[in-house]
Each structure stands twice: as C-alpha cells, then as structure tokens.
Amino acid sequence: MKSILLFVLLLSFGLSLGQSKNLTDPDAIINPLHKKYINKVIFLDKTVAPDQLKESDIITATEFQEDKDLDIRIFMDNSLVNYLHQLDHSLSSDELLKKGNYQFSFYVDGKLIYTENLNTGAGTPDDKKKKTTFRIPLLSSKNEDSWGRYMWMRFYLANGGIDALEEGDHLLRIEIKPYLKTPALKTGSIIATGEIQLKIPHKNIPEHKIAVQKIQANSGWKVSNEKLNEEKIRLLNRKIAENRFREITGIAVIKNEKLLLEEYFRNSGRDSLQDTRSVGKSFASALAGIAIQDGYLKSENQMLKEFYDLKQFKNYSPHKDSVTIKSLLTMSSGFDGDDSDENSPGNEENMYPTENWVKFALDLPVTQNKPGKTWRYFTTGVVMTGDILDKTVPKGLENYAEKKLFQPLGITNYKWQFTPQQKPSLAGGLRMRVLDFAKFGQLYKNNGKWNGKNIIDKNWINKSFTNYFPNTQDFEGYGYLFWRKVYKVGDRSFEAYQSSGNGGNKIIIFTEIPVVIVVTAKAYNKPYAHIQTDKIVQEYLLPAIFNE
C-alpha cells in the first residue's frame, strides 16, 4: 500500500514538474540536422525550404555582398512560449507573448555591437507556441518582406554594424535569448548561437566622389570664407559613395548667414525639388505665426469650436470644444490619433484613402488626455491646422503662403502636396530646393527677419523653440511643430530645433551657434533613416565646421 501511495505521489510530482516546465506542446524534433545543430544558428547563402535543407547548404564563411542572400536558421530544443514560461510561471501563453519575444545580440570580432528585443508583434502566436526551428532572411536579393531584414538594417545601418564590418576579415556571431518585460526586463539563457566568417571586399571609389564639392556661382547666398575641416567631409563623402550612408541627396551648411558647404548626391542637384515629407509641417507653424501677426487669427489659444460646428461630426465630446490651435501645433490635442500606432483610429495611413481629410480628423474620437498634456505624433492634427488657416487668411492658404512667406524669401520653385479638396496639405510633402529649405531655417535663426524685413514675430519663434514636454523620456522635446535635439561632439553639446521628415530629412537650426544645416534624403520608411542623418551631423558636419 505504501509503495502504491509513493508511486502515485512520484507520478503526481513528475506531472507537476512537466506542467510547470511547458505550457504548450512544442513540435517534435525529428530532422537529423535539427538534432545535430540543436541550440545553434546556422548560416545559408540561399533560400532553402526546411524539408530540403542539407548539410552541404550550411556555410561557415562567405564574401559579404549586400545584393546577395544571407539567411539564418535557428534550431532550438523548445518553443518560445515555453522559454518565456521559465521566466514567469504566473502568466498564460497569450500574456507571455504580449510581453516577450526573442532577444538578438550581434557580435563582431567578439565585441557586442547591437542587441534588439524583438517587437512582440514579430512572428505569429501559433509559431511562437509550437515552432522549434525557424528561418530569418537577413539579406534578400528579392527584397523579401521580413522583420528579420529590418532587424538586420537596424544592426547594420543604424547601430554600428557597418562600421564594425569594415574592409577585411571579420567574425560575426549571433546569440538569441528569450526576453520578457513585466515591466522589468528579464532575459533567459541562450537559446541558440552561431557564427560566420565574413570577408568584406575593398570598394574602389573615384576621387571625384570623395572630394569636397566646390560651391558653384549664383547660389543666392554669400559664400563663406571660413575654413572647414575638409578631411572630415572627404570621409563623409567616401561613406556616402560606399553606400555606408544611404539615399542621401543633398547637404547644405550655413554659418554666420553664409554658405559654407553645398553638396549633392545620387543624381540630385541644386535645382532638384527635394521630397522632405514631414519637414513641411514646420511651415504650418510658420504660417500660423504669420496669420496671428497679421490679425487673421487672434492667438494660438483659439479653440476648434470657433472654426467648426463640432456637434455635426462623429464622436462629439465636450473635450473637443477645448482643443486649441496650440495643442495641434504641439501634437497634444487629445484626439485619438498616434502615427506610431498602426491600430490607432487617427493614424495618418487611415486618413489618406478618405475623400475628406478634415472631416476624417474632426470625426475622430478623443481620449481622456487633456489638451496640451500628452504628446502623440499626430499628422491629422496638422491637416486641421492647415484647414483653419485656409478658412481664415485672405484668398486661401496657397496664395497667402506665396505672398507672406515664399516671395519675401525669394523662393520661387516649390511644389505643394494637396488634399483631396485641392488645398495645400500641411501634413508634409512640400518640395523645395535644398538652398531654399536653408533659407527657411535661416529665417528662424534670424529671429524672423530676412533682408532686414520682419517676416515672423520674434516672440512666435521663441514659443516655437520652447520644449513643452521636458519630462518625456522617448525624445528630447517638441515645440510648435519643431523637434528639439541635442547633438554632442566630444564634451560639447549643441542644442537645436529642427524640421524633420520621413527618409532622414532635416532642417536644423542651432540655438547657440550661428549654424543652420539642411540634409535631404530618400531613405523613406527605413529604420536607419533618422539615425544616419544624426550621425552625419554629429560625427562629420559639426566636427568639420569647428575643425574638431
């Protein structure tokens, strides 16, 4: 009897251990290669179906070519959800997958270069509950759409991978662990690891692509005689030519109101109209300030209810009555819109297919956030700002912008993006020459004056260059449709306010030094776009300007 009881207890104990170890039943490990390479990452130079993978397909060394295929296959001894379960036994499988995923670490020659906690939305829940092996394309000659390729871009182009993998021979190692954020970050043991020897070939770059480009005549600017560290610019131009900085089309540096550097790339030139996307939002801020100065708007504290019968739109709430122009300019209106959240009702991608963008905006529900308190990047709010201006200024916004902003600055060659109602869209898409964007930046640097004439009130610029969200951890601050950014060179800090647009486009106005920088680029929707522009400014342009 005692032996039977002991057997039942041992059986029960064994079952409870098994239950605590695994939440779901993972796929069985049957494939001989899987058994041989368990807990390993293997590398492939072609796409191979899992059931056709052979030992001879695995590579341990290769010449690195960005236009070729580079795949990895991960062989594990369990499924992700069970690894996460080991980090927290209290959560269900679905709760675990909402709070955790794989952590990838990239090492080059033994040095950790980049670690990424993969977004919890990457990969399907079913796969993460069952799969014990999976494939990730890092590079794809067919531009395969994959979270793995974007992760590689973040490692390679945004976080130092391309600099670590300079010409020569290198050892790349990848380690994979489970991570869980609850809210403290927990990481488990290594699930899989693997390495490959990469040979990075030499690139022959002709001298004319490296040389500092000479400023041509008739720029519309006085040309600076100040010295520039040309070696820094040559290094920058080499990186652009080697495609280590990507899709850069133009760079201009203005110092003490004179043109110090002007360069173009990728068949772009001085007369090219640059598509700078959301850089155009800052022009909405400028035009609002001019309209207040001219008396067409009373102030930025005017409320939406003064311009629209809000009860005629969907989702009316008294909250909408208190939304101000200022809260639209600071992206803190409280409307349920967040461009960084694809599930947000007011995400800009939901606006563009509609027949009336303003109606789309005013139909949106609101959140519990009071206007002016919580920042959310909200393109649709800038569309409302543009519509208010178009209603208010004489002869409409397009005519007003031409007369009050572009003509005084001598800007004659530009192209608006229009709403479905054929009104200028202040959401972005205003195309202009690099040197004309520089004029806009210098106007702000001059406290609103151009050629001795007051275009924008100085107080408006002070308000525009005020950080209304000093305690926000995710970014360095935001004004009236201008981003605050602090660049660091050695032990020096350089504060700037900047117009910023998809692709890595920037008009950068420094607050304490007499410098304006414009960078235009076409790295649209790429994870490295803004990071590479910041590196260009911080590691090359500022040191070149100050000979550091």
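The nearest pair of heavy atoms linking Tyr179 to Lys99 is CE1-O, 4.0 Å. Shortest non-hydrogen contact noted between Gln274 and Ser268 is NE2-OG, 2.8 Å.
Of the residues listed (Asp387, Leu389, Ile388), the one engaging Leu397 in a side-chain contact (heavy atoms from CB on, under 4.5 Å) is Leu389, and it is the only one. When each of Asn117, Thr115, Ile174 is paired with Phe104, the side-chain contact (heavy atoms from CB on, under 4.5 Å) condition holds for Ile174 and for no other. With Glu476 as the partner, the salt bridge (charged side-chain N to carboxylate O under 4.0 Å, His left out) test is satisfied by one option alone out of Lys488, Arg484, Lys485: Lys485.
In this structure the side chain of Ser464 never reaches within 4.5 angstrom of the side chain of Tyr497, judged on heavy atoms. With a 4.5 Å cut-off on side-chain heavy atoms, Leu84 and Leu91 do not count as touching. Between Met331 and Leu481 there is a side-chain heavy-atom pair separated by less than 4.5 Å. Between Tyr102 and Pro178, the closest side-chain pair of non-hydrogen atoms is not below 4.5 Å. Residues Ile233 and Gln213 fail the side-chain proximity criterion, which asks for heavy atoms closer than 4.5 Å. The shortest side-chain heavy-atom distance between Leu542 and Val537 falls under the 4.5 Å cut-off. No side-chain heavy atom of Thr367 sits less than 4.5 Å from a side-chain heavy atom of Thr374. Phe307 has its side chain within reach of Ile325: a pair of non-hydrogen atoms, C-beta onward, lies under 4.5 Å apart.
The environment of CD in Glu342 is sparse: at most 12 heavy-atom neighbours from other residues, nucleotides or ligands sit within 6.0 Å. More than 12 heavy-atom neighbours from other residues, nucleotides or ligands sit within 6.0 angstrom of CD on Glu349. Around atom NZ of Lys129, more than 12 heavy atoms belonging to other residues, nucleotides or ligands sit under 6.0 Å away. Enclosure of atom CG in Asn267 is not indicated, since only 12 or fewer non-hydrogen atoms of other residues, nucleotides or ligands lie within 6.0 angstrom.
When the side-chain contact (heavy atoms from CB on, under 4.5 Å) test is applied to Thr412, no partner is found at least two apart in sequence or on another chain. In this structure Arg238 satisfies the side-chain contact (heavy atoms from CB on, under 4.5 Å) test together with Ile205, Ile210, Glu242, sequence neighbours excluded. Residues satisfying the salt bridge (charged side-chain N to carboxylate O under 4.0 Å, His left out) criterion with Lys181, sequence neighbours excluded, are absent altogether.
Under the 3.5 Å distance criterion, the side-chain polar atoms of Trp460 are matched with a main-chain donor or acceptor of Ser285. Without hydrogens or angle criteria, Asn101 side chain to Ala122 main chain gives a donor-acceptor distance under 3.5 Å. Side-chain atoms of Asn350 come within 3.5 Å of backbone N or O of Ser344 as a donor-acceptor pair. Looking at Asn369, its side chain never comes within 3.5 Å of a backbone N or O of Gly334 through a donor-acceptor pair. Between the Asn467 side chain and the Phe469 main chain, a donor and an acceptor come within less than 3.5 Å of each other. A donor-acceptor contact shorter than 3.5 Å links the side chain of Ser140 to the backbone of Lys142. Remark: the backbone N or O of Asn315 is paired with a side-chain donor or acceptor of Lys320 at under 3.5 angstrom. Between the side chain of Lys209 and the backbone N or O of Ala241, no donor-acceptor pair lies under 3.5 Å. The backbone N or O of Asp71 lies less than 3.5 Å from no partner atom in the side chain of Arg135, so there is not a single donor-acceptor pair. The main-chain N or O of Asp339 is found under 3.5 Å from a side-chain atom of Asn347 such that the two form a donor-acceptor pair.
Contact check on Arg270 versus Glu262 returns a salt bridge, with a Lys/Arg side-chain nitrogen under 4.0 Å from an Asp/Glu carboxylate oxygen.
The CZ atom of Arg433 lies 5.5 Å from the CG atom of Asp271; values are rounded to the nearest 0.5 Å. For the atom pair Lys506 NZ and His530 NE2, the distance stands at 5.0 Å (nearest 0.5 Å). The CE atom of Met303 sits 16.0 Å away from atom OH of Tyr308, with the distance rounded to the nearest 0.5 Å. In this structure, CG on Leu364 lies 12.5 Å from OG on Ser317, to the nearest 0.5 angstrom.
Side-chain contact check for Ser327 and Lys370: no donor-acceptor pair (N or O, by modelled atom type) lies under 3.5 Å. Using modelled atom types, one finds no donor on one side chain facing an acceptor on the other under 3.5 Å when comparing Tyr468 with Lys326. Side-chain contact annotation: Glu263 with Asn237, donor-acceptor N/O pair under 3.5 Å present. Side chain to side chain, Thr419 and Ser425 fail the donor-acceptor criterion of an N or O pair below 3.5 Å.
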ask   = Please walk me through it: do Lys445 and Val515 pass side-chain contact (heavy atoms from CB on, under 4.5 Å)?
value = CA-CA 8 Å; Lys445 186 63 191 169; Val515 173; over 6 Å; no

task = Verify side-chain contact (heavy atoms from CB on, under 4.5 Å) between Phe265 and Ile251, making sure each step is shown before the conclusion.
result = CA-CA 9 Å; Phe265 311 93; Ile251 296 174; 4.0 Å; yes

message = Using side-chain contact (heavy atoms from CB on, under 4.5 Å), reason through Leu362 and Leu304 one step at a time and then give a plain yes or no.
response = CA-CA 9 Å; Leu362 293 169; Leu304 280 187; 4.2 Å; yes

ask   = Which is it for Phe440 and Val279 under the side-chain contact (heavy atoms from CB on, under 4.5 Å) test, yes or no, and what are the steps along the way?
value = CA-CA 11 Å; Phe440 180 75; Val279 163; over 6 Å; no

Show every donor-acceptor pair shorter than 3.5 Å between a side-chain atom in residues 154-161 and any protein atom, with sequence neighbours excluded, or say none if there are none.
unit_1	atom_1	unit_2	atom_2	d
Arg154	NE	Glu116	OE1	2.9
Arg154	NE	Glu116	OE2	3.4
Arg154	NH2	Glu116	OE2	2.9
Tyr156	OH	Glu66	OE2	2.8
Asn159	ND2	Arg154	O	2.7

Which side-chain N or O atoms in residues 288-301 pair as donor and acceptor under 3.5 Å with protein atoms at least two apart or in another chain?
unit_1	atom_1	unit_2	atom_2	d
Gln293	OE1	Asp457	N	2.6
Asp294	OD2	Tyr400	OH	2.5
Asp294	OD2	Lys404	NZ	3.3
Ser299	OG	Asn301	N	3.0
Glu300	OE2	Lys463	NZ	3.1
Glu300	OE2	Tyr480	OH	2.9

Return all side-chain donor-acceptor pairs below 3.5 angstrom for residues 517-529, not counting sequence neighbours, or 'none' if the list is empty.
unit_1	atom_1	unit_2	atom_2	d
Thr520	OG1	Thr249	OG1	2.7
Thr520	OG1	Gly250	N	3.0
Tyr524	OH	Asp275	O	2.6
Asn525	OD1	Asn502	ND2	2.9

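Aromatic ring pairs are classed by plane angle as parallel below 30°, tilted from 30° to 60° and perpendicular above 60°; the pair Phe494 and Phe510 is perpendicular.
Here the two rings, on Phe475 and Tyr377, have centers that are 6.0 Å apart or farther. Taking the six-membered ring for Trp and the full ring otherwise, Phe283 and Trp416 have centroids separated by 6.0 Å or more. Residues Tyr444 and Phe482 place their aromatic rings such that the two centres sit under 6.0 Å apart.
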